[in-house]
K.L.:
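Take a look at the following structure, please.
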Amino acid sequence: MRRVFVSLVAVLASVAALRPAAAADGVSFAGKTVTMTIGFGAGGSVDLYGRTLGQYLMRHLPGQPSLVVFNQLGAGGVVALNGWVARAEPNGLAITLVAESQADPEAMRRTQAKYDTTALSYVGGETAYSQGLFINKAAVARLADKSAQPVIMGLVGSTLRSGNYQVLWGAEFLGWNIKWVRGYPSTAELRQALERGEIDMSTFGASRDITGLLASGNYQIVSQGGTVKDGKRVPRASFGQAPIMADLVRGKIKDPLTQEAFDYTENVAQIGIWLALPPKTPGDIVAAYVKAFDATLADPDYRADFAKIDPDSPVASQKDIADLVSKLAKVSPATLDKLQAVMKQQNVDTAN
């Protein structure tokens with residue numbers, strides 16, 4: 001690990017003179033190497049997205065630089081982003097991906113993040129797709145019957161993720177009869193647990209999971225998170241008539257602080273995977289990356305390759321990301337404390 005870190009520092013130091021040339025002749029990365037830092041394991045969804053995007057992004061950047069990917073795990077990506085922000089030079093040769101656990105104020109507080117998400121120079125990426133809450137049809141009647149055996153809701157890890165909040169608010173305001181089971185190491189194992197009958201219910205968003213679960217005929221979609229487009233939350237077509245959770249609880253939340261907590265979870269659910277440059281990156285370099293990102297999205301070869309990972313992930317523009325990051329940065333500690341209180345009542349305390 002030390003050898004990798006030293007080599008990365010050497011790469012960054014060797015290209016520190018990029019800006020003067022760029023200022024004189026226009027931005028060019030010819031003969032340069034861009035290092036992409038990913039705070040998650042190789043082969044996971046963030047890594048696959050980053051490597052696929054990065055491959056084509058380099059083709060569309062001026063000078064067509066080469067790409068090196070550096071994976072560093074720890075604290076849901078926070079360890080990697082802490083280190084990257086501290087050492088990355090704002091010269092366009094250091095990029096990173098920001099995912100939910102790195103931009104969620106509650107997760108950042110818990111993992112002692114040492115960066116300011118609003119200071120990063122965002123390029124573009126994908127917003128989170130709407131997650132659907134799938135339940136075994138045999139368990140549907142128990143969901144609204146507090147005298148029945150609780151519906152078992154499965155979680156990856158020990159903390160709630162974006163789609164899971166649907167169940168938290170369903171239990172809080174719709175009277176859902178549920179029991180949380182935590183600790184599954186991945187979404188793949190969570191799906192297997194659902195199909196084996198170990199759990200009754202969980203949330204899924206990847207197209208391959210949705211297609212497989214619906215094709216079995218054994219599951220019903222209780223609700224979905226929806227995706228924000230042009231300021232309005234819209235349903236995902238593949239979820240059919242499944243209602244959006246925000247519509248189900250509208251008018252039922254009376255306490256203003258609880259409403260703020262709900263709004264916060266709705267915003268967190270929109271965090272996808274975003275490409276970022278270091279703070280204080282010059283505007284011409286950011287513009288070059290945004291132009292290359294747009295060209296990548298229009299590249300038919302990229303679209304064909306990315307469709308193999310997930311064919312319908314919604315795109316997040318630079319403005320989309322900036323708006324959401326700004327909203328999340330304004331979340332108060334009192335709002336986060338209120339959310340923690342609700343989770344403790346339901347035995348899903350993320351502090352444990």
Side-chain angles (χ1 to χ4, degrees), residues 100 104-107 127-136 139-148 150-155 159-180 182 199-205 210 219-271 314 323-324 327-328 330-332 334-350:
E100 179 185 339
D104 174 359
E106 191 278 326
T127 189
Y129 31 44
S130 177
Q131 297 247 344
L133 176 57
F134 285 77
I135 185 172
N136 190 308
V140 171
R142 291 166 29 217
L143 190 61
D145 183 0
K146 286 295 185 73
S147 66
V151 172
I152 305 301
M153 168 65 189
L155 295 178
T159 65
L160 270 67
R161 299 187 180 188
S162 56
N164 304 150
Y165 288 117
Q166 296 178 61
V167 182
L168 185 79
W169 301 120
E172 189 74 7
F173 296 107
L174 304 177
W176 287 358
N177 176 36
I178 61 105
K179 178 181 178 181
W180 300 88
R182 302 178 289 176
I199 60 175
D200 301 308
M201 182 170 72
S202 197
T203 54
F204 297 91
I210 295 169
Y219 307 99
Q220 177 178 324
I221 306 176
V222 178
S223 63
Q224 61 173 303
T227 301
V228 175
K229 292 183 179 180
D230 299 323
K232 182 180 179 182
R233 196 169 293 272
V234 297
R236 187 172 180 174
S238 57
F239 292 154
Q241 300 300 311
I244 293 175
M245 176 52 66
D247 295 333
L248 292 176
V249 302
R250 184 172 289 112
K252 298 181 183 296
I253 305 175
K254 306 301 181 183
D255 173 49
L257 191 58
T258 304
Q259 182 66 57
E260 289 179 16
F262 177 82
D263 293 341
Y264 154 73
T265 61
E266 290 286 274
N267 287 329
V268 164
Q270 297 298 308
I271 301 176
D323 289 347
L324 185 53
K327 288 179 182 177
L328 289 171
K330 297 174 183 176
V331 173
S332 70
T335 300
L336 298 178
D337 290 342
K338 180 62 179 181
L339 180 63
Q340 285 288 334
V342 175
M343 288 190 283
K344 286 181 180 179
Q345 290 177 342
Q346 297 189 30
N347 295 318
V348 283
D349 178 13
T350 59

K.L.:
Is any side-chain heavy atom of Leu133 closer than 4.5 Å to one of Met153?
P.N.:
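With C-beta onward as the side chain, the pair touches.
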K.L.:
Locate the shortest heavy-atom distance separating Trp180 from Gln346; write the atom from each residue and the value.
P.N.:
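Taking Trp180 first and Gln346 second, the nearest heavy atoms are CD1-O, 3.1 Å.
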K.L.:
Check step by step if side chain to side chain donor-acceptor pair (under 3.5 Å) holds for Tyr219 and Asp200.
P.N.:
CA-CA 9 Å; Tyr219 307 99; Asp200 301 308; over 6 Å; no
K.L.:
Indicate yes or no: at least one non-hydrogen side-chain atom of Val222 is less than 4.5 angstrom from one of Trp176.
P.N.:
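Yes, their side chains come closer than 4.5 Å.
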K.L.:
To the nearest 0.5 Å, tell me how far Gln220 CD sits from Phe134 CZ.
P.N.:
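Those atoms lie 11.0 Å apart.
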K.L.:
Quick check for you: to the nearest 0.5 Å, what is the distance between Ile244 atom CD1 and Thr227 atom OG1?
P.N.:
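These two atoms lie 8.0 Å from each other.
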K.L.:
Begin from the C-alpha positions of Gln270 and Arg233 and carry the test side-chain contact (heavy atoms from CB on, under 4.5 Å) through to its verdict.
P.N.:
CA-CA 10 Å; Gln270 297 298 308; Arg233 196 169 293 272; 3.0 Å; yes
K.L.:
Considering only heavy atoms from C-beta outward, does the side chain of Ser223 approach that of Leu248 to under 4.5 Å?
P.N.:
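A side-chain contact exists here, since the closest heavy-atom pair is under 4.5 Å.
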K.L.:
How would you list, by chain and number, every residue that makes a side chain to side chain donor-acceptor pair (under 3.5 Å) with Thr335, sequence neighbours excluded?
P.N.:
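Thr335 satisfies side chain to side chain donor-acceptor pair (under 3.5 Å) with Glu260, Ser332 only.
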K.L.:
Where do Gly175 and Lys146 come nearest, in terms of heavy atoms and distance?
P.N.:
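Reported closest heavy-atom pair: O-CE, 3.3 Å.
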K.L.:
Run the side-chain contact (heavy atoms from CB on, under 4.5 Å) check on Leu339 and Tyr165 step by step: do they pass?
P.N.:
CA-CA 10 Å; Leu339 180 63; Tyr165 288 117; 4.0 Å; yes
K.L.:
So which pairs with a foot in residues 238-249 pass salt bridge (Lys or Arg N to Asp or Glu O under 4.0 Å), sequence neighbours left out?
P.N.:
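Non-adjacent pairs meeting salt bridge (Lys or Arg N to Asp or Glu O under 4.0 Å): Asp247-Arg250.
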K.L.:
Examine the side chains of Asp263 and Gln259 and answer whether a donor and an acceptor come within less than 3.5 Å of each other.
P.N.:
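Result is yes, a qualifying pair exists.
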K.L.:
Please name the pair of heavy atoms, one in Gly154 and one in Ser202, separated by the smallest distance, quoted to 0.1 Å.
P.N.:
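That would be O-OG, 2.8 Å.
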K.L.:
Please enumerate all residues that pass ring pair (Phe, Tyr, Trp, His ring centres under 6.0 Å) together with Phe262, with sequence neighbours excluded.
P.N.:
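Expected list: Trp169.
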K.L.:
Could you check Leu328 against Asp104 for side-chain contact (heavy atoms from CB on, under 4.5 Å), going step by step and ending with a plain yes or no?
P.N.:
CA-CA 7 Å; Leu328 289 171; Asp104 174 359; 5.9 Å; no
K.L.:
Do Gln224 side-chain atoms and Ser130 backbone N/O form a donor-acceptor pair below 3.5 Å?
P.N.:
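Looks like no, no N/O pair under 3.5 Å.
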K.L.:
Rounded to the nearest 0.5 Å, what separation is found between the CZ atom of Phe204 and the CZ atom of Phe239?
P.N.:
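The CZ atom of Phe239 is 10.5 Å from CZ of Phe204, to the nearest 0.5 Å.
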K.L.:
Which salt bridge (Lys or Arg N to Asp or Glu O under 4.0 Å) pairs, counting each pair once, include a residue from residues 160-180, with sequence neighbours left out?
P.N.:
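Checked against salt bridge (Lys or Arg N to Asp or Glu O under 4.0 Å) - neighbours excluded - no pair reaches residues 160-180.
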K.L.:
In Å, rounded to the nearest 0.5 Å, how long is the span from CG of Asp337 to CG of Leu257?
P.N.:
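The CG atom of Asp337 sits 8.5 Å away from the CG atom of Leu257.
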K.L.:
Could you list the residues that satisfy side-chain contact (heavy atoms from CB on, under 4.5 Å) with Ala148, not counting sequence neighbours?
P.N.:
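Arg142, Asp145, Asn177.
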K.L.:
With rounding to the nearest 0.5 Å, note down the distance linking CD1 in Ile253 to OG1 in Thr258.
P.N.:
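Those atoms lie 7.5 Å apart.
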K.L.:
Just verifying a value: how many Å separate Gln340 CD and Gln345 CD, rounded to the nearest 0.5 Å?
P.N.:
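Going from CD on Gln340 over to CD on Gln345, the span is 12.0 Å.
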K.L.:
Any non-hydrogen side-chain atom of Asn136 less than 4.5 Å from a side-chain atom of Met201?
P.N.:
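Contact flag for Asn136/Met201 side chains = no.
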K.L.:
Run the side-chain contact (heavy atoms from CB on, under 4.5 Å) test against Ser162 and tell me which residues pass, sequence neighbours left out.
P.N.:
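side-chain contact (heavy atoms from CB on, under 4.5 Å) check on Ser162 returns Glu100, Gln131, Ala269.
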